[in-house]
Engineer: 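Handing you this structure, nothing more for now.
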Amino acid sequence: MSNSVSFIHAADLHLDSPFQGLTDIPNTMFSEVRNSTFTALNNLVKTAINKQVDFVLLVGDLFNNERQSLKAQVQLRTAFEQLGKHNIPVYMSYGNHDYINGNIHPMIYPENVHIFPNETISFFTFEKENQKIASIYGFSYENRAVTENKSIEYDVIDKTIPFHIATLHGSIFGNKDHDPYAPFKLQHVIEKHFDYWALGHIHKREIIAKLPPVVYPGNTQGRHRHEAGEKGCYYVTLSKTSTNLEFVPLQAIQFDSAKIDVTNCESLQDVEEKIMETAGNQPIKKLIHLTLHGENEKMIAFENEGLLKELIAIVNESLIKDDIWAYIYDYRLQIDDNSKIDYDDFFVGEVIQSLEDLEFADVLEELYNHPRGRKFIEKISNEEMKQKAKQFLLYELLKVGR
């Protein structure tokens with residue numbers, strides 16, 4: 001009997017994501033961005049085949065929404081067929097984005113694909129050389145929300161089988177950054193007799209426990225600036241004496257943030273050179289959110305005259321000429337040069353206080369919830385909006401005070 005098992009653990013593929021806030025990039029590039037979730041899927045398949053894994057785990061939110069596009073379903077079926085040709089089974093579940101009852105035209109997938117059928121914990125047994133090697137446990141979301149603690153329902157069934165792996169699409173109790181679906185307490189899952197907990201739902205990669213491994217692989221392709229950095233899956237090898245986890249990047253395009261100090265920049269050419277030093281010669285295709293910061297009053301004038309925006313456009317023309325392109329899709333200016341503003345002045349104080357009292361989230365909520373508008377608008381935090389408004393007002397006050 002085999003004394004080890006290997007698999008790919010991935011989650012949150014979000015196939016066919018709309019990529020909000022990127023409609024201003026060149027059309028050819030946007031087409032590549034729109035297809036990036038599918039490219040990441042293809043990279044996952046290649047990884048599984050090249051590493052000759054025993055099976056693949058896909059833990060929820062394979063699709064971006066419940067009404068899955070035909071294109072996304074066909075692409076996924078093709079990926080499964082490729083894995084099937086190499087005798088690699090897939091064990092998958094549906095999550096809160098692609099819940100079962102939301103898809104009225106489900107695809108029939110090949111025989112190597114095993115889907116957890118409902119919200120009751122069930123398991124599949126993986127066999128190798130006619131021997132039962134591993135049991136994989138899990139459930140699928142039938143509707144958009146699963147609010148109860150499902151982890152307490154997991155139990156090892158047949159202890160004669162060497163390896164037991166739990167899959168769970170949900171979040172830890174008390175995580176306020178994400179929807180509290182299928183919430184669990186870490187101590188509860190650690191105490192269960194499983195060799196590995198394959199999690200999904202949280203898009204940030206994290207190993208939250210090592211004995212046994214309790215792992216979020218993150219999503220396979222970043223979709224906005226809050227999903228920056230490498231995205232991919234884990235290649236896992238389990239034995240009775242050890243566990244090896246190797247993160248494998250899968251993203252086709254990487255979102256990144258860059259911050260440049262422009263304090264000593266005397267001219268637009270100086271700014272251009274600094275941007276090119278930072279954004280040029282990237283090893284992977286990147287979409288960059290740029291912040292220009294420092295103490296430099298000239299930047300205020302450049303911004304107010306539209307010269308920084310024009311400069312970014314010129315730099316982008318240079319950056320996208322290479323096959324491995326980079327593109328600055330948005331930028332922020334954070335210049336701390338308000339020494340000429342009298343903060344003790346009654347009028348200035350009233351302006352700043354009024355701004356602090358504003359709740360931009362309430363004002364913009366209607367726009368964010370608009371059925372068409374929300375597809376193209378990236379949400380901005382209340383604090384970020386306040387900072388941007390404060391910066392604009394202070395720039396204008398500074399200009400008047402000259």
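All figures in this text were calculated on a predicted structure; none of them were measured in a lab. By convention here, the first residue in the shown sequence is residue 1.
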Engineer: Are any of the side-chain heavy atoms of Lys185 and Ser151 separated by less than 4.5 Å?
Structural biologist: no

Engineer: Give, for atom CD of Gln334 and atom NZ of Lys259, the distance between the pair rounded to the nearest 0.5 Å.
Structural biologist: 5.5 Å

Engineer: Are Tyr137 and Phe116 near enough that their ring centres are under 6.0 Å apart?
Structural biologist: no

Engineer: Within the 3.5 Å criterion, strictly below it, is a donor on Tyr331 or Glu303 matched to an acceptor on the partner's side chain?
Structural biologist: yes

Engineer: What I want to check is whether the side chains of Gln131 and Glu127 have a donor and an acceptor closer together than 3.5 Å.
Structural biologist: no

Engineer: For a quick check under 3.5 Å, do Asn118 and Glu142 share a side-chain donor-acceptor pair by atom type?
Structural biologist: no

Engineer: Heavy atoms only: give me the nearest Gln254-Glu230 pair and the separation to one decimal.
Structural biologist: OE1-CG, 3.7 Å

Engineer: Could you label the plane-to-plane angle of the Phe255 and Phe19 rings as parallel, tilted or perpendicular, counting under 30° as parallel and over 60° as perpendicular?
Structural biologist: parallel

Engineer: Closest approach of Leu76 and Phe63, non-hydrogen atoms and distance?
Structural biologist: CD2-CZ, 3.5 Å

Engineer: Give the minimum heavy-atom separation between Asn3 and Phe163, together with the two atoms involved.
Structural biologist: O-CZ, 3.7 Å

Engineer: I need the minimum non-hydrogen distance between His203 and Asp12, along with the two atoms involved.
Structural biologist: NE2-OD1, 3.4 Å

Engineer: Would you indicate whether the side-chain heavy atoms of Tyr196 and Leu238 approach each other to under 4.5 Å?
Structural biologist: yes

Engineer: Are Tyr141 and Phe139, when compared by the centres of their aromatic rings, separated by less than 6.0 Å?
Structural biologist: yes

Engineer: Can you see whether Ser31 engages Thr28 through a side-chain donor-acceptor pair at a distance of less than 3.5 angstrom?
Structural biologist: no

Engineer: Check whether any side-chain heavy atom of Lys128 sits under 4.5 Å from a side-chain heavy atom of Asp54, and report yes or no.
Structural biologist: yes

Engineer: Given Val215, which of Leu245, Leu199, Val59 fulfils the side chain to side chain contact (heavy atoms under 4.5 Å, CB included) condition?
Structural biologist: Leu245

Engineer: What side-chain hydrogen bond (donor to acceptor under 3.5 Å, both in side chains) pairs are there with at least one residue in residues 311-325, not counting sequence neighbours?
Structural biologist: Glu32-Trp325

Engineer: For Asn64 and Asp16, which I'm curious about, is there any donor-acceptor pair between the side chains at under 3.5 Å?
Structural biologist: no

Engineer: Looking at every non-hydrogen atom in both residues, tell me the closest pair between Ile100 and Ser140 and how far apart they are.
Structural biologist: CD1-CB, 3.7 Å

Engineer: Between the side chains of Asn296 and Thr263, is a donor N or O closer than 3.5 angstrom to an acceptor N or O?
Structural biologist: no

Engineer: Do the side chains of Phe55 and His114 get nearer than 4.5 Å, heavy atoms only?
Structural biologist: no

Engineer: Just so I know, are the side chains of Asn35 and Lys71 near enough to count as touching, which here means a heavy-atom distance under 4.5 Å?
Structural biologist: yes

Engineer: Calculate, to the nearest 0.5 Å, the distance between atoms CG and NZ belonging to Leu250 and Lys46 respectively.
Structural biologist: 11.0 Å

Engineer: Flag the pair Glu277 and Lys274 as a salt bridge only when some basic side-chain nitrogen lies within less than 4.0 angstrom of an acidic carboxylate oxygen.
Structural biologist: no

Engineer: Salt-bridge test for Lys192 and Asp155: reply yes if a basic N is under 4.0 Å from a carboxylate O, no otherwise.
Structural biologist: yes

Engineer: Could you check whether any side-chain heavy atom of Asp24 comes within less than 4.5 Å of a side-chain heavy atom of Leu22, counting everything from C-beta outward?
Structural biologist: no

Engineer: Below 4.5 Å, heavy atoms only, C-beta onward: do Pro217 and Arg205 meet side chain to side chain?
Structural biologist: no

Engineer: By the side-chain hydrogen bond (donor to acceptor under 3.5 Å, both in side chains) test, which pairs, at least two apart or in different chains, include something from residues 80-98?
Structural biologist: Asn96-His169, Asn96-His201

Engineer: Write down the atom of Ala72, the atom of Phe38, and the distance for their closest heavy-atom approach.
Structural biologist: CA-CE2, 3.7 Å

Engineer: Please report the C-alpha distance between Glu246 and Lys51 in whole Å, then the side-chain angles of each, then the deciding distance to 0.1 Å, and finally whether the salt bridge (charged side-chain N to carboxylate O under 4.0 Å, His left out) criterion is met.
Structural biologist: CA-CA 11 Å; Glu246 176 190 344; Lys51 293 187 177 295; 3.5 Å; yes

